[in-house]
**Q** 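Input: one structure, supplied below.
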Amino acid sequence: MKRLLYIVLCGFFLLPSLPGRAEKRPLLDSCMIRIENGDTLYMAWLHELWVYPPMKFKNKRQEKFYWKTVRDVKKCLPYAKRITKDMEYADSELAKLPDDKSRRRWWRSFERQLFRKYEKDFRGMYASQGMMLMKLMDRETERTSYELIKQYKGKAAANFWQFIAKLFKNDLKEEYDASDKDRITERVINLVEAGQL
């Protein structure tokens with residue numbers, strides 16, 4: 001009976017997704033059974049849990065900023081992770097190619113593919129979500145948006161887009177600062193990744 005209960009509980013907690021639990025992480029990372037001196041011990045390893053003091057807002061503006069940050073992180077974090085994987089793939093493929101001409105040809109083809117893949121989603125984003133995506137890309141890759149554009153498109157393209165960003169009071173060279181300026185964003189990211197928010 002105990003083993004049946006163990007199997008049922010582990011099956012429930014370890015299932016990646018059930019109807020209604022699409023984006024939630026499982027409660028347990030893993031569990032196992034150990035028999036010692038005739039006693040059955042159930043061992044479970046839980047995933048990381050973040051504990052922060054409750055948010056105290058001075059005014060409605062601060063509260064609105066916090067919930068807007070939550071919305072933007074939830075929307076942009078999966079894209080930042082997927083784009084990082086796409087970049088790793090692109091870097092590995094570009095490293096295999098022998099000369100600059102073949103690299104440029106491959107990159108143009110891959111760029112068109114990425115554009116088709118993400119265009120619809122990105123066109124529906126708010127400006128604040130675009131800025132959040134830039135921050136999250138810096139967090140994931142440890143390179144600013146300016147550096148990424150410069151690496152893949154060249155210095156002239158990076159300077160052009162920096163100029164455009166400055167027109168809209170933004171900065172592609174701005175770095176993600178989890179300890180100071182972006183600490184609320186970091187808190188929200190940790191909670192979202194842990195499935196607590």
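Sequence positions, counted from 1, serve as the residue numbers for this chain.
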**Q** Membership question, hydrophobic clusters at under 4.5 Å side-chain separation (ILVMFWY): are Phe110 and Leu148 in the same one?
**A**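 Yes, Leu148 connects to Phe110 through the hydrophobic network.
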**Q** If I take atom OG1 from residue Thr185 and atom CE from residue Met132, how far apart are they, to the nearest 0.5 angstrom?
**A**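 Here the interatomic distance stands at 4.0 Å.
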**Q** About how many Å separate OH of Tyr152 and CG of Asp91, when rounded to the nearest 0.5 Å?
**A** 3.5 Å
**Q** Is the ring pair Tyr118/Tyr79 parallel, tilted or perpendicular, if the boundaries are 30 and 60 degrees?
**A** perpendicular
**Q** Between Arg103 and Asp100, is a salt bridge (Lys or Arg N to Asp or Glu O under 4.0 Å) present by the stated rule, with each step listed?
**A** CA-CA 5 Å; Arg103 283 189 200 103; Asp100 286 341; 2.8 Å; yes
**Q** More than 12 heavy atoms of other residues, nucleotides or ligands under 6.0 Å from CZ of Phe122: is that the case?
**A** yes
**Q** Any chance you could measure Glu93, atom CD, to Ser109, atom OG, to the nearest 0.5 Å?
**A** 11.0 Å
**Q** Should Met125 and Asp121 be marked as a side chain to side chain contact (heavy atoms under 4.5 Å, CB included) after you check the CA-CA gap, both sets of side-chain angles, and the distance that decides it?
**A** CA-CA 7 Å; Met125 283 187 175; Asp121 297 330; 5.7 Å; no
**Q** Nearest heavy-atom pair of Ala158 and Leu172: which atoms, and what distance?
**A** O-CD1, 4.4 Å
**Q** Show the nearest heavy-atom pair for residues Cys76 and Leu133, with the distance to one decimal.
**A** O-CD1, 3.8 Å
**Q** Salt bridge check, Lys135 against Asp182: does any charged N sit closer than 4.0 Å to a carboxylate O?
**A** yes
**Q** Assess whether atom NZ of Lys64 is packed by more than 12 heavy atoms of other residues, nucleotides or ligands within 6.0 Å.
**A**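 Counting neighbours around NZ of Lys64, 12 or fewer heavy atoms of other residues, nucleotides or ligands fall under 6.0 Å, so no.
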**Q** Could you check whether any side-chain heavy atom of Lys166 comes within less than 4.5 Å of a side-chain heavy atom of Asn170, counting everything from C-beta outward?
**A** no
**Q** Kindly check if the number of other-residue, nucleotide or ligand heavy atoms within 6.0 Å of CD (Glu119) is above 12?
**A** yes
**Q** Rounded to the nearest 0.5 Å, what's the gap from CG on Leu114 to CZ on Arg82? Could you check?
**A** 12.0 Å
**Q** Keeping the roles fixed (side chain from Asp171, backbone from Lys173), state whether a donor-acceptor pair exists under 3.5 Å.
**A**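 At least one qualifying donor-acceptor pair exists.
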**Q** Just how far is it from atom NZ of Lys153 to atom CH2 of Trp107, taken to the nearest 0.5 Å?
**A**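 If I round to the nearest 0.5 Å, the distance is 7.5 Å.
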**Q** Shortest non-hydrogen contact from Trp106 to Ala90?
**A**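 Closest approach of Trp106 to Ala90, heavy atoms only: CH2-CA, 3.6 Å.
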**Q** Salt-bridged, Asp177 to Arg183, with N to O below 4.0 Å?
**A**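 Salt bridge absent between Asp177 and Arg183.
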**Q** Quick check on the hydrophobic clustering: are Phe65 and Tyr52 connected, directly or via other members, by side-chain heavy-atom contacts under 4.5 Å?
**A**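 Phe65 clusters together with Tyr52.
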**Q** Can you get from Met87 to Met134 by hopping between Ile, Leu, Val, Met, Phe, Trp and Tyr side chains that sit under 4.5 Å apart?
**A**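 Result: no, two separate clusters.
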**Q** Going from NZ on Lys150 to CG on Asn159, what distance comes out if it is rounded to the nearest 0.5 angstrom?
**A**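 Answer rounded to 0.5 Å: 8.0 Å.
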**Q** Scan Val188, Val192, Asp72 and name whichever one has a side chain to side chain contact (heavy atoms under 4.5 Å, CB included) with Leu77.
**A** Val192
**Q** Going only through I, L, V, M, F, W and Y residues with side-chain contacts under 4.5 Å, is there a path from Met131 to Phe168?
**A**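 No, because Met131 and Phe168 fall into different hydrophobic clusters, even though each may have its own neighbours under 4.5 Å.
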**Q** Quick check: is Tyr126 connected to Ile184 through a chain of hydrophobic side chains (ILVMFWY, heavy atoms under 4.5 Å apart)?
**A** no
**Q** Output side-chain donor-acceptor pairs under 3.5 Å for residues 54-62, partner residues at least two apart or in another chain, one line each.
**A**
unit_1: Asn59; atom_1: OD1; unit_2: Arg61; atom_2: N; d: 3.1
unit_1: Asn59; atom_1: OD1; unit_2: Gln62; atom_2: N; d: 2.9
unit_1: Gln62; atom_1: OE1; unit_2: Lys58; atom_2: N; d: 2.7

**Q** Look at Glu193 together with Lys81 and state whether they make a salt bridge at an N to O cut-off of under 4.0 Å.
**A** yes
**Q** Please indicate whether Glu174 has more than 12 foreign heavy atoms, meaning atoms of other residues, nucleotides or ligands, lying under 6.0 Å from its CD.
**A**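 Result for CD/Glu174: enclosed.
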**Q** Would you call Glu186-Arg139 a salt bridge at under 4.0 Å N-O?
**A** yes
